[in-house]
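To keep things clear, I will list the structure first and then write my remarks on it.
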Amino acid sequence: MCGIVGYIGNKPAVDILINGLHQLEYRGYDSAGVALQCEDKINIYKAEGKLENLSSELTLHKREFENATMGIGHIRWATHGAPTVINAHPHTCNCGSLVIVHNGIIENHKELKALLEKKGAKFRSQTDTETVAHLIAYKYEQTRNLTEAVRLATKEIEGAYALCVMHKNEKNKLVATKRNAPLLVGVGEGEYFVASDVPATIPYTKKAMYLHDNEIVTLTLNGMKLINPDGIELAQKIETLPWEPVALSKMGYKHFMLKEIHEQPDVIRNILVGKLHCAEENISLNEVKLTKDTLKELNRIQIIACGTSLHAAMVGKYIIENFCGIAVDVEASSEYIYRKTVTDSKTLVIGVSQSGETADTLTAIKQSKAKGSHILIITNRPDSAMAREADSLLSVNAGIEVSVAATKSYIAQLVSFYLLALYMAEIKGSLDNATLQSIKTDLMIVPQKIEQILSNKESIQQCARHYANTKDFIYIARGINYPTALEGALKLKEISYINATGYPAGELKHGPIAMLDESMPVLSILMKGSVYEKLLSNSEEAKARNARMIALTNSKDEKLKELFEFIIEVPDIQELLSPIIAIIPLQLIAYYISEYLGKDVDQPRNLAKSVTVE
Ligand code: AGP
């Protein structure tokens with residue numbers, strides 16, 4: 001949510017800022033703006049809506065900033081105040097000398113505003129951010145030093161922030177800081193890039209320094225200086241990032257989502273490297289820092305997550321209980337944090353998050369940590385806030401996921417849960433050898449099976465087009481694939497805006513069946529195994545109410561043709577691994593419907609890739 005960029009160097013700043021903001025678009029936004037250091041003042045340009053609107057605005061004024069080599073930029077996802085030009089960042093003090101961009105929420109903004117108004121601050125927007133602009137400007141009047149002004153101001157701010165600040169009187173200087181919001185500095189040759197995330201810096205440099213909470217960095221053409229909140233200089237921790245710029249291109253695919261769906265076989269292969277060598281050897285998971293004795297004695301696990309990660313957690317619960325016989329609770333982080341939870345040092349708490357920045361999950365993790373639980377984090381971002389809270393860190397290594405709709409990170413989370421469950425089962429001795437080996441053998445060939453589905457995607461595309469104009473969609477499943485139904489429905493909902501719902505099929509007759517008629521598509525995730533026959537009966541019940549039946553199945557039963565108007569066949573797989581296979585066609589159905597309807601596949605309305613507000 002929201003994205004910050006900053007640049008100081010010798011190149012035209014506007015191009016770098018706009019390009020950087022484009023790379024952060026996946027975070028979700030509804031207005032944008034940039035500030036550029038010009039001859040004797042700082043010029044600000046803003047626009048509602050997409051970055052194209054800001055670019056048009058900039059084109060009208062390009063003579064004003066053609067020599068600017070320093071600036072800051074922002075995409076805003078509205079929280080305090082509507083997505084208007086006035087509320088868009090950058091924000092300034094009364095006279096426009098001090099300019100800031102901000103990501104996060106200033107919790108004490110009302111109190112600060114009241115104080116600052118008494119001192120003469122004139123507020124123009126409804127944002128919490130403007131308070132910070134006035135506060136830093138006030139400190140600047142006292143100190144005449146931008147870094148010091150930022151340092152003093154941040155001592156009075158409560159809440160989460162990543163800030164990038166410039167001042168008309170301090171030419172060629174950017175100051176940036178953060179608390180509970182991501183921010184890094186890309187380090188180039190005689191130039192620096194500030195950004196909320198790596199995609200904005202990686203096209204220019206692989207060298208970067210992640211800021212830690214409360215650190216303040218000052219960037220000039222002569223170098224950078226890092227200090228702590230007491231003003232003490234700190235050593236700089238510049239690292240070489242493992243990301244390749246190519247990972248951020250669509251590589252010929254029409255959308256990032258389609259590219260990311262196709263990356264899934266390799267994502268799985270990547271995760272298995274070094275952890276699962278062959279069926280006869282034990283899983284190697286050095287990332288888990290619990291001793292074997294503690295693992296053996298664990299009798300309770302809680303998994304907390306949101307959205308797609310929550311669905312991965314539900315599959316995780318199923319397999320950990322099945323493989324290890326340990327009771328597992330799964331809960332949405334947003335619910336978990338507002339009730340009295342029974343958690344202690346004997347509970348393993350697992351947080352699952354693609355971004356590692358989701359505010360609800362982060363809060364939930366911190367609460368459990370304070371109660372003494374061991375925290376295991378499954379994330380795609382080992383550089384994230386959640387990763388820093390981890391006692392054990394399982395990095396899923398799916399590569400940067402640009403599309404807002406999570407696909408490859410979901411698969412990576414699922415596979416991580418399989419490895420974890422197998423690892424614990426081996427330590428506990430809770431699964432017999434034959435079962436262990438068969439799961440491991442089949443897990444290793446899952447990538448080929450996904451490739452088979454992807455090479456036959458035209459039939460899925462055909463199915464998607466057939467149902468693209470529906471207003472509602474129901475997904476049914478039972479057992480281990482109930483989360484698959486939820487995830488399939490979430491994918492469709494978020495990128496096509498069709499009202500899609502996932503149900504445990506046995507629940508249909510307790511209410512949802514009332515909605516069925518000849519206009520309602522019902523997709524049945526009919527994977528062979530313990531609940532196949534039951535689900536077939538539930539599908540018959542739906543068919544009897546004239547629903548438009550679709551099967552997603554690995555069964556070759558000819559009789560299915562009488563019951564279903566569309567059958568999506570997937571390669572055979574044992575039931576316990578079937579969620580990894582069954583989700584692929586559902587991702588594709590959501591993708592093709594969204595694309596067919598002409599929706600914004602990669603950046604669906606109202607959504608943000610990383611949800612940093614509770
Ligand atoms: C996934 O398609 C969604 N965009 C969303 O539900 C997401 O999974 C959720 O916001 C959690 O994000 P996280 O995994 O980064 O914590």
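For clarity, every value in this text was computed on a predicted model and none was experimentally measured. Atoms within a ligand are numbered from 1 in the order they appear, just like the ligands themselves.
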Item to complete: Name all pairs fulfilling the salt bridge (charged side-chain N to carboxylate O under 4.0 Å, His left out) condition that reach into residues 476-488, sequence neighbours left out, sorted by first residue then second.
Response: Glu487-Lys491

Discussion item. I'd like to know if the side chain of Thr470 reaches the main chain of Tyr467, judged simply by a donor and an acceptor atom lying under 3.5 Å from each other, with no hydrogens or angles considered.
Written reply: no

Worksheet item: Side chains of Pro447 and Asp266: closer than 4.5 Å at any heavy-atom pair?
Response: no

Worksheet item: Can you list, by chain and residue number, every protein residue with a non-hydrogen atom closer than 4.0 Å to ligand 1?
Response: Cys306, Gly307, Thr308, Ser309, Ser353, Gln354, Ser355, Thr358, Val404, Ala405, Ala406, Leu490, Lys491, Glu494, Val611

Worksheet entry | Backbone N/O of Ile498 and side chain of Ser496: donor-acceptor pair under 3.5 Å | yes

Discussion item. Contact between Leu184 and Val194 at the side-chain level, heavy atoms closer than 4.5 Å - yes or no?
Written reply: no

Worksheet item: Between the side chains of Glu25 and Tyr29, does any donor sit under 3.5 Å from an acceptor?
Response: yes

